[in-house]
Amino acid sequence: MNSSDTMAGRPQAGRPPRRPLLEIRDLAVQFGPVRAVDGVSLDIAAGPFGLGLVGESGSGKTTIGRAVLRLVPAAAGRILFEGADITALGGGALKDYRRAVQIVFQDPDNTLDPRMRVGAAIAEALGTHRIVPRRLVAERTAALLREAGLDPEFASRYPHQLSGGQRQRVAIARALSVQPRMLVLDEPTSALDVRAQARVLKLIGRLRAERSLSYLLITHNFGVASELCEQTAVLYLGRIAESGPTAKLLSAPAHPYTQALRSAVPQVAAAARSSRIILRGEPPDAASPPPGCLFHPRCPLVIDRCRVEVPELRVVRPGRLVACHRAREVLAGAAMPHNAPGLAAPDGVA
Amino acid sequence: MTLEIAGLEVRFGARPVVSIGDLAVGDAEIVGLAGESGSGKSMTTLAILGLAGTVGATVSGSISLDGRELIGLPDNELRHLRGRRIAAIFQSPSMAFNPVFRVGHMVLRALRLHGLSGSEASDRAAVAMREVLLSPSLLRRYPAQLSGGQLQRVAIALALALRAEILLADEPTSALDVTVQAEVLELLRDLRDREGMSILFISHDLAVVAELCDRVAVMRAGSIVEQGPADQIMSLPRDPYTAELLAAVPKIRTGPGQ
């Protein structure tokens with residue numbers, strides 16, 4: 001896949017700045033004692049535009065997507081869609097918002113009713129939001145399937161008669177049926193085989209250009225973010241560790257966590273493999289986060305300051321925000337200890 | 001320990017699902033078996049473990065360990081080999097542990113089944129836990145109290161404690177975060193280097209296979225389409241299917257020109 005396929009419609013430099021389509025401001029989400037998302041601010045530009053959210057399990061990336069969809073309540077902060085706060089919407093306004101922002105999940109099996117034919121599943125979405133008159137539903141369904149790269153005859157099939165990649169295309173066709181302005185794509189390809197993944201990524205790249213879509217792409221895979229997102233935010237325990245233009249963030253990470261995560265991505269080409277930084281231990285318990293920088297217990301570059309002072313997210317280069325006391329040193333090429341034997345005490349040793 | 005497969009056929013009734021002409025894992029070698037879902041990778045694992053019959057498949061051909069034929073061995077002899085000389089770890093380590101027993105209960109029971117006394121079993125389990133960089137105190141916890149990466153390392157520790165000579169690793173890192181995956185891959189490499197363990201590493205992820213394995217066999221629809229040294233397969237695939245799989249791996253781009 002070359003970059004012009006997936007990144008078609010990339011905004012040109014020099015275009016006057018427009019108000020972002022979605023603005024997340026100081027968002028916090030609380031689950032019991034756990035602050036799953038803490039003080040996160042992100043912008044999603046008007047389409048075509050992709051923002052990648054990358055992090056390990058428990059980093060809060062999926063929770064942010066759910067808060068954007070109003071599936072979990074915000075404990076603090078605001079989410080502005082076209083300038084209007086959606087955290088307090090109700091009734092018809094909420095229904096309109098939910099039509100404008102659609103989600104595609106990791107596992108299409110959980111979103112497609114196994115007893116409903118593919119065509120009926122798409123027709124249901126068209127009917128709920130009265131997108132087309134009833135006599136045109138079948139025609140529109142066929143057009144949507146074609147747009148998602150499927151034969152319109154698939155309308156008469158059941159989900160189990162389709163492959164995983166085909167089911168994910170159906171889920172995408174259904175999300176598109178209500179003419180959304182924005183998509184939340186939650187690990188859309190991580191359950192797929194590698195060839196099916198490549199085809200679905202290509203489809204998303206094509207649709208973003210044709211429909212001028214914006215999306216929030218939640219993924220644990222830097223490769224996927226690299227193919228589809230102009231901007232990427234790296235999350236650690238509910239906070240942004242680093243954000244910026246994807247290619248720049250990946251070529252010169254400014255946060256030791258991004259650096260470690262980037263180095264852990266397996267690469268086919270031996271030349272593309274960077275020296276691996278192995279993080280010892282697991283992320284700390286979110287219910288009792290460590291003082292200072294959340295990453296300091298695993299950080300290879302930890303200094304005393306990190307244990308006591310929470311690093312603010314600040315600009316280190318144009319467009320790049322990093323929450324690390326040593327970001328400038330990291331960018332300047334501070335040596336990272338690579339894979340030193342016996343680096344840390346075994347897990348679980350208190 | 002050398003594992004050799006020749007003329008292996010696994011069938012459901014008349015339908016063949018695996019047909020492997022030859023595949024070998026040499027002493028202290030890591031061989032990758034790569035392919036998509038449905039390619040027959042996991043059925044091959046079950047056949048090597050002598051468990052294909054439990055899912056209703058029939059096996060013919062030859063699977064031998066250091067020249068000793070496994071196909072047709074009586075159950076009790078197979079059971080002795082399985083675990084003791086051939087160990088296996090799977091994608092979902094939580095499925096390998098009974099949730100109502102402490103982790104250590106299952107580890108010790110497996111060791112005692114293979115003839116160790118109670119105190120030998122605890123000693124050996126503690127040593128193996130340290131070898132996989134876990135505290136032996138984790139053996140007192142329940143599976144739900146450990147992370148996926150920790151459980152996978154306990155499963156590897158069990159193989160170590162049994163002094164297994166060949167490890168079948170079936171997608172052992174596919175459910176793990178990339179940082180934890182890097183740790184488990186490092187551990188597997190280490191086991192080969194230090195213990196001389198032979199490893200058959202089964203995965204759909206060619207990038208992982210490329211990093212870990214000495215040799216690679218690519219499977220499609222039950223057959224091996226290509227095998228050879230990992231570097232060679234990754235840089236100069238001869239089979240178009242291998243090339244297609246390689247091209248499909250998402251690439252990290254670090255500049256607009258790439």
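Below, read A as the first sequence line, B as the second, and so on, with proteins coming before strands; counting in each chain starts at 1. Keep in mind it's a predicted model, so treat the numbers as computed, not measured.
Tested against Gln267(A) for a side-chain contact (heavy atoms from CB on, under 4.5 Å), the candidates Val208(B), Ile252(B), Val249(B) yield a single pass: Ile252(B). When Asp177(B), Leu176(B), Val178(B) are each tested for a side-chain contact (heavy atoms from CB on, under 4.5 Å) with Glu56(A), only one passes: Asp177(B).
Within 6.0 Å of atom CZ in Arg194(B), more than 12 heavy atoms from other residues, nucleotides or ligands are found, so the atom counts as buried in its surroundings. The 12-atom threshold is exceeded at NZ of Lys251(B), counting heavy atoms of other residues, nucleotides or ligands nearer than 6.0 Å.
Proximity to chain A (any heavy atom under 4.5 Å) is restricted, for Leu246(B), to the side chain, taken from C-beta onward.
Looking at heavy atoms from C-beta onward, Arg253(B) lies in side-chain contact with Glu227(A) at the 4.5 angstrom threshold. No side-chain heavy atom of Asp205(B) sits under 4.5 Å from any side-chain heavy atom of Val194(A).
With sequence neighbours excluded, no residue forms a ring pair (Phe, Tyr, Trp, His ring centres under 6.0 Å) with Phe222(A). Take Ser37(B) and apply the side chain to side chain donor-acceptor pair (under 3.5 Å) test, not counting sequence neighbours, and it matches Asp193(A). Contacts of Phe201(B) classified as ring pair (Phe, Tyr, Trp, His ring centres under 6.0 Å), with partners at least two apart in sequence or in another chain: none.
Here the shortest heavy-atom pairing between Ala207(B) and Pro266(A) reads CB-O, 3.5 Å. Shortest non-hydrogen contact noted between Asn221(A) and Pro250(B) is ND2-CG, 4.3 Å.
Rounding to the nearest 0.5 Å gives a distance of 8.0 Å between CD of Gln197(A) and NE2 of His204(B).
Looking only at heavy-atom pairs under 4.5 Å with chain A, the residue among Leu212(B), Val209(B), Leu245(B) that has the most is Leu245(B).
When the heavy atoms of residues 213-238 of chain B are compared with those of chain A, the residues falling under 4.5 Å are Arg220(B), Met234(B), listed by number.
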